[in-house]
Amino acid sequence: MVKINTTCILVALILFSQLAEAQNRYAVHYKYKPQDNLTLLDPSAFLTEKAIERRIRHEIPLDSLDLPVSVKYIEGIEPFIQEILYQSHWFNASVVVADPIKIEKITALPFVEKVVLAAPGFNPAGRWVNKPKDNAGLNLNFKLKARKTDAPFNFQNELLGFSEMHEGGFKGKDITVAVFDAGFPGVDVIPAFSHLFDNNQLIGTRDFVHTWNDNVFTKNQHGTNVLSLIAADDPELLVAGAPEANYILCITEEVPTEFRIEEYNWVKAAEYADSLGVDIINSSLGYLDFDDSSMDYSVEDLDGETALITLGANIASDKGILIVNSAGNYGSRGEASLTAPADAKGILSIGAVDENLATSVFSSQGPTADGRIKPELSTYGSGVYLIRFNGTIGRSNGTSFSSPQIAALAAGVWSARPEWTKDQLINNLLRSATQAEAPDNLLGYGIPNFSRAYYGEILEIFTAEEKSEWSIFPNPLEGHNLFVSFGNQEEGEFTLYEMNGNVIRNNQIKRASNREAFEVYLPALPSGMYFVEMRSGKDFKRSKLIKR
């Protein structure tokens, strides 16, 4: 009896496997978008209030891309498919599961423009196989025991000026950031993310790979690593740049395989994030080589208007959304080694530097096929401190981890300058970067900085010999008395930083007249290099100070 049951089960599994293998995933693109009841004159019928508000704020007109896929077209293909995974109104397409034999009938329908093979095979058993795992075994109480001033993440934060950004009270509040990745295990239980739940900052989650999965806090930890570099808030473990932002978490990456379906997943996630009023999308993803070589992109395809995911990024950008995307990790190939959608127009693609601020060997390089400089910006990407799925600190390499740091910076700057449009934000970030005057295809415009972006000027380093309204002297400092010539006010805020960003001194200082310099007494200051910063009203200056 046991033998008979076992045989029946095996036969059933074989038949089920064959049935699954007979199904592929396709994108059915439609020629038109007729609507029976919807109109651009009444966008509230198909767009959320937040999505409409962003378009108004950035003066972006509604267009046919905002309208949903026609219901009559969906009904027209239903007899020929197994199921619909989702609709893409930007691409005017349905992503479906269907038998290859029936695809010819779908292609022949008069309202169908084309049918694209998105991925071979479909395993509906994944509805059970991919159920969220429990968190047993996670070491959730572990924290790196380090004093705040010695926090290992200071270096990567100070490159971008996060301490200044946070001291100004700008931590991404009222900005919505979406993170597209492969999974977010542990985020729901790791203390460094608890504020996202306590303060209702997590406004949306969705799995576009397994659309039936309603728990994104599982699967691959890459998304957890990335999110930690934008949202984490644990002084002893990791403090990221934008812990006060709102977040949307989307799974778009199907880790075991690499097919075009992931590009469609990304675009659908962008539409979903758009509907929730997203401001910034961080995408530490890139596509070039696929498991099916016929899907591969060539260098010539990376022209900003060919790859499916790039077209989606362009649309998102046109909707006023800032896309921050990793440039790719194909740097060993040399020039023109980008991955899509880093080649998109109107976005920020991000390269990586090492601890010496030189281009990381793996960091992908431009230009795009049409000659544009890429990446636009770069920051620390070799040995980045981040949070693992089990709540511990770790280090990793990749433009995947330089991108979210720039996304966090963008969120902080935008919260400080909410009147800026997406393009104004991009321009000020570029202008703040270290090689803004001479960008190249290794680092782009260089490493950006909060203060330079926020205050709208490129700060320069002055020596005592230069004649200027701003100077610090003597420099090098050999005694205890430092003089600061700055501005026209009789009071100012003086801050002295170590090179790693630690604040040694911060206080208000006065002078009898604006005709004389401020005097600061600095006893027992060890030899080394420091930053001196002065603020007075809207005036701001910073210079290096050498102490002998």
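The side chain to side chain contact (heavy atoms under 4.5 Å, CB included) check on Ser88 picks up Trp90, Phe91, Val267, Glu271, with sequence neighbours excluded. Partners of Ser275 according to the side chain to side chain contact (heavy atoms under 4.5 Å, CB included) rule, which considers only residues two or more places apart in sequence or in another chain, are Thr48, Tyr272.
The closest side-chain heavy-atom distance from Ile280 to Val177 is below 4.5 Å.
Val95 pairs in a side chain to side chain contact (heavy atoms under 4.5 Å, CB included) with only one of the listed residues (Leu85, Ile84, Asn265, Val116), which is Leu85. Put simply, the residue from Phe193, Phe184, Phe389, Phe197 that forms a ring pair (Phe, Tyr, Trp, His ring centres under 6.0 Å) with Phe217 is Phe197.
When atom types are taken as modelled, the side chain of Arg388 and the backbone of Ile393 share a donor-acceptor pair closer than 3.5 angstrom. For Lys374 (side chain) and Ala344 (main-chain N/O), a donor-acceptor pair under 3.5 Å exists by modelled atom type.
Using bins of under 30°, 30° to 60° and over 60° for the plane-to-plane angle, the ring pair His222/Phe401 lands in the tilted bin. Relative ring orientation between Tyr30 and Tyr73 is described as tilted, the plane-to-plane angle lying within the 30° to 60° band.
Contacts classified as side-chain hydrogen bond (donor to acceptor under 3.5 Å, both in side chains) and involving residues 102-112 (residues at least two apart or in different chains) are not found.
Figure legend: cation-pi geometry between Arg431 and Tyr445 absent, as NZ or CZ is not positioned both under 6.0 Å from the six-membered ring centre and within 45° of its axis.
Outside the 6.0 Å centre-distance limit, the rings of Phe259 and Tyr26 are not counted as a close aromatic pair.
Sparse packing is recorded around NZ of Lys72, with 12 or fewer heavy atoms of other residues, nucleotides or ligands lying under 6.0 Å away.
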